[in-house]
> 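Got a structure here, written out as structure tokens. Questions coming.
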Number of protein chains: 2
Amino acid sequence: MNTVQNLIDILKQAGMRITPQRRAICAYLAENDNHPTAAMIYDDLKAEMPSLSLMTVYNTLNTLANLGAIHVIGQAGDDTVHYDADTEPHINVICINCQKIVDVPSEHLVEIRQDIDRQSGYRLIGSRLSFYGLCPDCQAKAESSSGH
Amino acid sequence: MNTVQNLIDILKQAGMRITPQRRAICAYLAENDNHPTAAMIYDDLKAEMPSLSLMTVYNTLNTLANLGAIHVIGQAGDDTVHYDADTEPHINVICINCQKIVDVPSEHLVEIRQDIDRQSGYRLIGSRLSFYGLCPDCQAKAESSSGH
DNA sequence: CGTATATTTATAATGATTATAAAGTAGGTA
DNA sequence: TACCTACTTTATAATCATTATAAATATACG
């Protein structure tokens, strides 16, 4: 998981200025391991920084994503893009009912990557691995509502 | 890969009517292993079926996706949703430059799935596995443009 | 401390997808 | 075979996440 300083250093090394807005967005990403959308970050930071604009959140997230500091999760069940500050290879498991996202590490990712290197001629840069299903809570709800 | 009849049978079994539009869309999906967007299918079928509306393409793709007959690929680098008629477990490798998508099978997907079953409490339904990188063509272009 | 320039902000624009309601048709039935 | 009814299609407009633009602002460096 990225630390605040880590993210800020990445921006600095890319020659970007460190503004209070960017600092706040980096702090949010480092301190929350939810998988926020731009709007979620905006709503949360608006309280402490009322002048913040949604455009700035989008800009900063896009910048960080282009630098590889965070990852983009599309297709989480709603029609908005989520971001993931954990750039270690891992799998997102997404609830199709409540959209909750959890991370699962797997040793076999290395082997998969090797398969792709061998079989496609692609020079790989990143990945996005998502499994879909019902989270424990939503399974329980489904049980109790159909059970009797 | 799904056959036309296969897709049509799935619609029938779900109690849906088999219209010429749906037949054409199923045929397109079965006969092309590109990873089309709704607009691509619409543009292609418009020639032979001028009355076709984009709304019908979206409806049919959503229906097929909800029935699990096709898969949804988000985040292909553009801001549109792509569909995949191949529902066998496999990996999409996406070019970040030209958005070309190829499929790669891997035996290790089974093991990954087992890892997730064990580590998350989720009841899994589907998956979407994407790797990003430069396809051979775009690697060549990058070479020749920066090479001298 | 002052300046050049990157950044933020507010606003409007874009464009994919979805909602709505009228017109049309599949498919069972008499 | 013709008919009827619910499901579909179509055209149109609406929605909403994201991006473009340009004026106002603030960072970083001398």
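Throughout, protein chains are lettered first and strands after them, A, B, ... in sequence-line order, and every chain is numbered starting at 1.
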> Who passes side chain to side chain donor-acceptor pair (under 3.5 Å) against D43(A), sequence neighbours left out?
none

> Report all interatomic pairs (protein N or O, nucleotide N or O of nucleotides 23-27 of chain C) with separations under 3.5 Å.
{"residue": "dA26(C)", "atom": "N3", "partner": "R17(B)", "partner atom": "NH1", "Å": "3.1"}
{"residue": "dG27(C)", "atom": "OP1", "partner": "I18(B)", "partner atom": "N", "Å": "2.9"}

> Taking only residues two or more places apart in sequence, or in another chain, which ones meet Q5(A) in a side chain to side chain donor-acceptor pair (under 3.5 Å)?
D9(A)

> Carefully, step by step, assess H71(A) and D86(A) under the rule side chain to side chain contact (heavy atoms under 4.5 Å, CB included).
CA-CA 7 Å; H71(A) 281 170; D86(A) 183 358; over 6 Å; no

> How is the hydrophobic cluster of L124(B) composed, in terms of its other members, when Ile, Leu, Val, Met, Phe, Trp and Tyr link through side-chain heavy atoms under 4.5 Å apart, directly or indirectly?
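Cluster partners of L124(B): I91(A), V93(A), V102(A), V104(A), L109(A), I112(A), I116(A), Y122(A), L124(A), L129(A), F131(A), I91(B), V93(B), V102(B), V104(B), L109(B), I112(B), I116(B), Y122(B), L129(B), F131(B).
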
> Quick one: list whatever passes side chain to side chain donor-acceptor pair (under 3.5 Å) with D33(B), sequence neighbours left out.
none

> Holding to side chain to side chain donor-acceptor pair (under 3.5 Å), I want the full list of residues that pass it with T56(B), two or more places apart in sequence or in another chain.
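Applying side chain to side chain donor-acceptor pair (under 3.5 Å) to T56(B) gives S53(B).
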
> Going by heavy atoms in the side chains, are L45(A) and E48(A) under 4.5 Å from each other?
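Side-chain contact under 4.5 Å: yes.
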
> Got a donor-acceptor contact below 3.5 angstrom from the R22(B) side chain to the R17(B) backbone?
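Between the backbone of R17(B) and the side chain of R22(B) there is a qualifying donor-acceptor contact (under 3.5 Å).
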
> Would you work out how much the helix from dC1(C)-dG30(D) to dA30(C)-dT1(D) bends between its ends, with each end axis defined by five base pairs, to 10 degrees?
40°

> For side chain to side chain donor-acceptor pair (under 3.5 Å), just list the numbers for H82(A) and N34(A), CA-CA rounded to whole Å, side-chain angles, deciding distance to a tenth of an Å, and then say yes or no.
CA-CA 9 Å; H82(A) 293 242; N34(A) 58 351; over 6 Å; no

> Could you identify which residues of residues 39-57 of chain B place a heavy atom less than 4.0 Å from some atom of DNA chain C, listed by residue number, or say none?
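Nucleic-acid contacts, sorted: M55(B).
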
> Considering residues at least two apart in sequence or located in another chain, which fulfil the salt bridge (Lys or Arg N to Asp or Glu O under 4.0 Å) criterion with D115(A)?
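Here the qualifying residues are R118(A).
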
> Do you know which two heavy atoms are closest between V57(B) and A38(B), and how far apart they sit?
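The answer is CG1-O, 3.6 Å.
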
> Can you give me the first and the last nucleotide of DNA chain D (5' to 3') that has an atom within less than 4.0 angstrom of a non-hydrogen atom in chain A?
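Nucleotide range in contact with chain A: dA17(D) to dA28(D).
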
> Mind listing the closest non-hydrogen atom pair of G68(B) and T87(B) along with its distance?
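Closest pair (atom of G68(B), atom of T87(B), distance): O-CG2, 3.6 Å.
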
> Hey, can you pull the residues of residues 24-33 of chain B with a non-hydrogen atom under 4.0 angstrom from DNA chain C?
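Residues of residues 24-33 of chain B under 4.0 Å from DNA chain C: none.
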
> Taking the side chain as C-beta and beyond, is there a heavy-atom pair between N2(A) and L29(A) under 4.5 Å?
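Sidechains of L29(A) and N2(A): no contact.
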
> Can you tell if the side chain of I18(B) reaches within under 4.5 Å of the side chain of K12(B), non-hydrogen atoms only?
yes

> In chain order, what residues pass the side-chain contact (heavy atoms from CB on, under 4.5 Å) check against N62(A), with sequence neighbours excluded?
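Scan of N62(A) (side-chain contact (heavy atoms from CB on, under 4.5 Å), adjacent residues dropped) gives Y83(A).
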
